[in-house]
Amino acid sequence: MSPSDFSRKLLAWYGKNRRDLPWRKTKDPYSILVSEIMLQQTQVDRVKEYYLRWIHEFPDISSLASADEEKVLTLWEGLGYYSRARNLHKTSIQLNSTGKNVPDSIEGLTSLPGIGPYTAAAVMSIAFNRDEPLVDANVERVFSRFFDVNHPVKSREAQDIFWKKAKQLLPSGQAGEYNQALMELGALICLKTNPLCDSCPVQDGCKALNLGLIDQRPISAPSKKTIQINMACGVLKKNGLFFIQKRQENDVWAGLWEFPGGRLKEDESPEKAVVREFMEETELAIHNVRPIATVKHSYMNYRVTLHGFFCDQYKKDQQPILHAAQDFRWVSAAELEEFAFPAGHRKLITLLKENAFTN
DNA sequence: AAGGCGTGGAT
DNA sequence: TATCCAAGCCT
């Protein structure tokens with residue numbers, strides 16, 4: 001199958017089977033950039049509502065540039081990898097202050113925080129229709145099978161093959177449609193498990209299919225083993241207001257808000273852990289520790305059982321001294337919606353609101 | 001350059 | 001239930 005056969009068949013298939021996605025209704029570089037940042041390591045179906053809400057709130061570079069960080073992070077809450085939102089915000093401020101628009105060069109784009117080779121090529125091809133090839137996890141899977149690539153997908157060898165093939169197969173003048181078609185094929189047909197090879201427009205040329213090796217491609221690196229941990233956090237309420245603190249930079253959930261807490265030590269009860277963590281993190285003595293709920297959630301390779309408690313300050317006039325946060329606030333239940341929390345703490349907030357009147 | 005960085009859907 | 005991992009980037 002020649003490169004032109006491959007791209008012709010792929011584009012014909014894409015024309016009939018492409019999904020109706022919100023970011024496919026525009027060529028606005030800023031909107032395309034927003035969608036691409038959101039789509040990094042994230043499933044398409046989850047991005048849709050975030051994208052629409054974001055574009056509604058921040059329709060252009062200047063509106064995003066003038067937004068405050070809390071608003072930016074709140075709109076991103078639940079999507080994960082929050083440095084993406086913070087970098088996008090930084091980028092908008094940078095572009096806005098210099099009076100520029102989204103750069104239309106690979107170098108200009110990759111010089112911006114959070115934009116790497118994939119995202120730069122995606123913006124170049126989709127928004128500006130420049131002939132830039134791209135490789136994402138979909139392309140890695142499609143090419144691993146089509147060319148029967150016998151190397152781990154993230155290895156230097158495999159990456160060299162992927163980018164070389166992507167460039168060779170790219171039909172000049174149609175990069176935007178073609179790149180999306182290639183990723184769409186990976187998303188809809190060339191599935192991780194049980195790929196729909198009978199419906200594949202390029203099945204004739206697929207080497208792994210012809211060799212019966214579809215299930216053995218792509219070759220992925222071994223994943224990290226999951227770690228089970230127990231955590232506890234304390235929802236301190238005083239005069240009808242909740243104590244929250246803003247997480248430090250350069251740590252997981254940087255810039256998000258949380259209730260003080262942490263991991264249980266060996267043979268430590270959740271109640272003891274809350275008291276200890278509160279003292280370590282805020283120097284506040286607490287008592288009257290009473291359960292709200294136990295929440296199960298996960299992040300990265302951690303599986304967390306989070307024990308959430310209401311608690312009271314032992315000395316009401318004592319002021320917090322922060323050791324694990326950069327800021328703190330006392331906020332009402334309603335105001336909890338205006339701050340971004342990690343998913344586990346957000347789950348707990350939902351549950352505590354159901355109990356708000358009994359506590 | 002190997003590991004950090006989130007979350008929930010799919011299977 | 002447990003495991004994998006998605007339109008990656010940064011250090």
Set of residues satisfying side chain to side chain contact (heavy atoms under 4.5 Å, CB included) with respect to A:Ser125, sequence neighbours excluded
A:Leu134, A:Ala175, A:Asn179
Closest-nucleotide ordering on DNA chain B, the 5'-leading residue of A:Thr193 and A:Ala254
A:Ala254
Supply the atom-to-atom distance A:Leu64 CG to A:Ile93 CD1, rounded to the nearest 0.5 angstrom.
7.5 Å
Verify, without hydrogens or angle tests, whether A:Ser66 (side chain) and A:Ser63 (backbone) share a donor-acceptor contact under 3.5 angstrom.
yes
Indicate whether the side chain of A:Glu77 and that of A:Thr74 have a donor and an acceptor atom separated by less than 3.5 Å.
no
Could you measure between the two P atoms, the one in C:dT3 and the one in B:dG6, and give it in whole Å?
22 Å
Those residues of residues 145-169 of chain A lying under 4.0 Å from DNA chain B by at least one heavy atom
none
Could you tell me how far B:dA2 sits from C:dA7 if I compare only their P atoms? Round to whole Å.
24 Å
Enumerate the side chain to side chain donor-acceptor pair (under 3.5 Å) contacts for residues 96-107 of chain A, please, sequence neighbours excluded, ordered by first and then second residue.
A:Asp104-A:Arg130
Position toward the 5' end of DNA chain C (nearest nucleotide), A:Arg303 or A:Gly116
A:Arg303
Which pairs pass salt bridge (charged side-chain N to carboxylate O under 4.0 Å, His left out) with one or both residues in residues 213-235 of chain A, sequence neighbours excluded?
A:Asp148-A:Arg217
Test: A:Arg53 cationic atom under 6.0 Å from A:Tyr50 six-membered ring centre, within 45° of axis
yes
Near-strand residues of residues 14-48 of chain A, defined as heavy-atom separation under 4.0 angstrom from DNA chain B:
A:Gln41, A:Thr42, A:Gln43, A:Arg46
So, A:Tyr302 versus A:Tyr299, ring centres under 6.0 angstrom or not?
yes
Could you pick out which residue, A:Leu191 or A:Tyr299, lies toward the 5' side of DNA chain B when each is mapped onto its nearest nucleotide?
A:Tyr299
Give me the first and last nucleotide of DNA chain C, going 5' to 3', that has any atom under 4.0 Å from a heavy atom of chain A.
C:dT3 to C:dC10
Crowded around A:His287 NE2? As in, over 12 foreign heavy atoms under 6.0 Å?
yes
Does a side chain donor of either A:Gln180 or A:Arg24 reach within less than 3.5 Å of an acceptor in the other side chain?
yes
Provide the full list of side chain to side chain donor-acceptor pair (under 3.5 Å) pairs with a residue in residues 162-172 of chain A, sequence neighbours left out, each pair given once.
A:Asp131-A:Ser172, A:Gln159-A:Trp163
Check whether any side-chain N or O of A:Thr350 sits under 3.5 Å from a backbone N or O of A:Arg346 as a donor-acceptor pair, and report yes or no.
yes
Within residues 69-88 of chain A, residues whose heavy atoms come under 4.0 Å of DNA chain B
A:Gly78, A:Leu79, A:Gly80, A:Tyr81, A:Tyr82
Are A:Tyr118 and A:Val123 linked, directly or through other ILVMFWY residues, by side chains that come within less than 4.5 angstrom of each other?
no
Any chance the side chains of A:Thr26 and A:Asp28 put a donor and an acceptor closer than 3.5 Å?
no
Show me the side-chain donor-acceptor pairs of residues 239-250 of chain A shorter than 3.5 Å, one per line, residues at least two apart or across chains.
from: A:Gln245; atom 1: NE2; to: A:Glu258; atom 2: OE2; distance (Å): 3.1
from: A:Gln245; atom 1: NE2; to: A:Glu281; atom 2: OE1; distance (Å): 3.1
from: A:Lys246; atom 1: NZ; to: A:Glu69; atom 2: OE2; distance (Å): 3.0
from: A:Lys246; atom 1: NZ; to: A:Glu70; atom 2: OE2; distance (Å): 3.0
from: A:Lys246; atom 1: NZ; to: A:Gly255; atom 2: O; distance (Å): 2.8
from: A:Arg247; atom 1: NE; to: A:Val252; atom 2: O; distance (Å): 2.8
from: A:Arg247; atom 1: NH1; to: A:Glu258; atom 2: OE1; distance (Å): 2.8
from: A:Arg247; atom 1: NH2; to: A:Asp251; atom 2: OD2; distance (Å): 3.1
from: A:Arg247; atom 1: NH2; to: A:Val252; atom 2: O; distance (Å): 3.0
from: A:Glu249; atom 1: OE1; to: A:Arg86; atom 2: NH2; distance (Å): 2.0
from: A:Glu249; atom 1: OE2; to: A:Arg86; atom 2: NH2; distance (Å): 3.4
from: A:Glu249; atom 1: OE2; to: A:Gln326; atom 2: NE2; distance (Å): 2.9

Non-neighbouring partners of A:Leu52 that pass side chain to side chain contact (heavy atoms under 4.5 Å, CB included), sequence neighbours left out:
A:Pro22
Have a look at A:Ala137 and say if it touches a base, only the backbone sugar-phosphate, or nothing, with a 4.0 Å heavy-atom cut-off.
sugar-phosphate
Hey, where on DNA chain B does chain A first and last touch, going 5' to 3'? Cut-off is any atom under 4.0 Å from a heavy atom.
B:dG4 to B:dT11
Distance-only, no hydrogens or angles: does the A:Arg141 side chain make a donor-acceptor pair with backbone N or O of A:Val139 under 3.5 Å?
no
Near DNA chain C, which residues from residues 212-227 of chain A have a heavy atom under 4.0 Å away?
A:Ser220, A:Ser223, A:Thr226
Roughly how far, to the nearest 0.5 Å, is CG of A:Leu348 from NE2 of A:His297?
9.5 Å
